[in-house]
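What follows is a single structure, written as C-alpha cells, with notes after it.
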Amino acid sequence: MDVKIFHLDPDLMNLYGSYANVSAVKRLLERLGHSVTVETVAPGQDASLSAADFLFLGAGTERRQVFALGDFARFGDDVKALAADGCPMLFAGTAMELLGASVTDAAGTTRAGIGLADFTAVQGKQRFVEDVYGHTDLFAEPVVGFINKCAKISGVATPLLTGLDMGFGNEAERGPEGFRRDNVFASELTGPILIKNPKLLEAVTAAILRRRGAPEPEAWPLDPWTEQGYAITAEQLRLRCGK
C-alpha cells in the first residue's frame, strides 16, 4: 500500500523535535511493508491535501504559532473535510490551539482558528512547564510527556487524555488534556509524543491502516529501545505521582 503523509510547516513548527512524530509513523508503516511518501508544505506553498492519508502539524513558539495560523487558515476547509472523511491527523504542542474557534494571545489579541472544534485558547503570562502522566480511553497504558505552554484551553468536549495524575491539562491542574474527535488527535504534549508513547503511535498508525482498508498486524514491530525508554519514563513518573 502506498501511503501519503503531509507535513505542514516543518521548519516553522518544529519545537522539541516535532518532526520525529512523522518519522515514527513513516518508519512503522514501512516496517509493516507499506511504501510511504512524505510531502512537506512550507508557508505559502501550494498543496492539495485531498490525497492525504495522514496530516501533521508540529509544535512552535507562540510567536511562530501566529505565522503558522496565518498560513494554516487557507487549508481550514480542506482539513475539516479530511477530518469528516476520517483522515488521521496529529496536531502537537501549540498546533492544537489552531483547531479551535479562536486563539487569544497574552496581549489580548484574538485570532480566529479554523473552527474544526468549538474550544478556545487564551494565552497568559504564566507558563506551565512540567512533566505529564495521564490516561486515555484508547488503551490501558498511561501516556507520558512534557508540556511548555502558556494557554488555557476551554470548551473541549472530547479530550485525548481523560485525566492526569501529573501535569496541567487543558485548563486545570490534573484536568483532561488534548483533543480527539474520530481520527483527529491533538495534544500540547511534546517530546515528541509518538516517540515517547509507543501505544499512541500504534493507535495513530492503526487509524491510517483502517481508513485504507489494510489489516492491522497481530504484533507491532516496535523498537525495543523505544519501549524500554517508555517503560522507564512511565515508572519514574508513576513513582513521583505516588502510585
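Heavy atoms only: backbone and side chains are in, while hydrogens, waters and symmetry mates are out.
Counting only distance, with no hydrogens or angles, the side chain of Q45 and the backbone of A42 share a donor-acceptor pair below 3.5 Å. Put simply, the side chain of D78 never gets that close to the backbone of L49: no donor and acceptor are under 3.5 Å apart. Under a 3.5 Å cut-off, the side chain of R74 and the backbone N or O of D71 do form a donor-acceptor pair. For the pair D85 (side chain) and A81 (backbone), a donor-acceptor distance under 3.5 Å is absent. Using a distance-only test at 3.5 Å, with no hydrogens or angles considered, no donor-acceptor pair links the side chain of D131 to the main chain of F146. At least one donor-acceptor pair closer than 3.5 Å links the side chain of T136 to the backbone N or O of L160.
V3 and V38 fall within a single hydrophobic cluster, where Ile, Leu, Val, Met, Phe, Trp and Tyr side chains are chained together by heavy-atom contacts under 4.5 Å. Under the 4.5 Å side-chain contact rule for hydrophobic residues, V156 and F91 share a cluster. Both F6 and M13 are part of a single hydrophobic cluster, where members link through side-chain heavy atoms under 4.5 Å apart. In the hydrophobic cluster analysis, where Ile, Leu, Val, Met, Phe, Trp and Tyr join through side-chain heavy atoms closer than 4.5 angstrom, W220 is grouped apart from I195. In the hydrophobic clustering of ILVMFWY residues, with side-chain heavy atoms under 4.5 Å counting as a link, I193 and L201 come out together.
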Quick one, L209 with L32, criterion side chain to side chain contact (heavy atoms under 4.5 Å, CB included). Give me CA distance, side-chain angles, the key distance, then yes/no. CA-CA 10 Å; L209 297 176; L32 293 172; 4.1 Å; yes
Under the side chain to side chain donor-acceptor pair (under 3.5 Å) rule, what do E188 and T94 come out as? Steps first, then yes or no, please. CA-CA 6 Å; E188 293 269 15; T94 51; 5.7 Å; no
Under the ring pair (Phe, Tyr, Trp, His ring centres under 6.0 Å) criterion, do F179 and F119 qualify, and how do the steps go? CA-CA 9 Å; F179 169 76; F119 62 76; 5.5 Å; yes
I would like to know whether R238 and D165 meet salt bridge (Lys or Arg N to Asp or Glu O under 4.0 Å); could you show each step before the answer? CA-CA 8 Å; R238 183 187 68 80; D165 294 319; over 6 Å; no
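For the atom pair OG1 (T110) and CG (D105), the distance works out to 7.5 Å, reported to the nearest 0.5 Å. Considering CD of E39 and OG of S48, their distance stands at 8.5 Å, rounded to 0.5 Å. Expressed to the nearest 0.5 Å, how far OG1 of T190 lies from NZ of K196 amounts to 8.0 Å. The CZ atom of R180 sits 4.0 Å away from the CG atom of L138 when rounded to the nearest 0.5 Å. A distance of 12.0 Å separates OH of Y19 from CG of D11, quoted to the nearest 0.5 Å. Taking CE of M89 as the reference point, atom CG of L8 lies at 9.5 Å (rounded to 0.5 Å).
Side-chain contact between E130 and I147: present, with at least one pair of heavy atoms (C-beta onward) separated by less than 4.5 Å. Proximity of R174 to M166: side-chain heavy atoms (C-beta onward) are nowhere separated by under 4.5 Å. Inter-residue side-chain proximity for N170 and M96 is flagged as met; some heavy-atom pair is nearer than 4.5 Å. Proximity of C87 to N183: side-chain heavy atoms (C-beta onward) are nowhere separated by under 4.5 Å. Counting heavy atoms from C-beta outward, R111 and T109 have side chains that approach closer than 4.5 Å. Between I114 and F72 the shortest side-chain heavy-atom distance falls below 4.5 Å. Residues L194 and V25 form a side-chain contact, since some pair of their non-hydrogen atoms from C-beta on lies under 4.5 Å apart.
Under 3.5 Å, the side chains of T162 and D137 contain no donor-acceptor pair of N or O atoms. Residues E97 and Q65 have side chains that bring a donor and an acceptor to within less than 3.5 angstrom of each other. Counted by atom type alone, N148 and R127 present one or more donor-acceptor pairs between their side chains at under 3.5 Å. Judged by distance alone, the side chains of S187 and E177 do bring a donor and an acceptor atom under 3.5 Å apart.
More than 12 heavy atoms of other residues, nucleotides or ligands lie within 6.0 Å of CZ in F128, so this atom counts as buried by the packing criterion. The neighbour count for D118 CG, taken as heavy atoms of other residues, nucleotides or ligands under 6.0 Å away, does not exceed 12. Residue R211 places its CZ atom among more than 12 non-hydrogen atoms of other residues, nucleotides or ligands, all under 6.0 Å distant.
We find that D9 and R64 are not joined by a salt bridge, their nearest charged nitrogen and carboxylate oxygen being 4.0 Å or further apart. Using a cut-off of 4.0 Å between Lys/Arg side-chain N and Asp/Glu carboxylate O, R212 and D53 are scored as salt-bridged. Ion pair E202/K199 flagged as a salt bridge, since at least one NZ, NE, NH1 or NH2 atom sits closer than 4.0 Å to an Asp/Glu carboxylate oxygen.
Between F56 and F54, the two ring planes are parallel [angle under 30°; tilted spans 30° to 60°].
The two atoms that bring P198 and L222 nearest to each other are CB-CD1, 3.6 Å, heavy atoms only.
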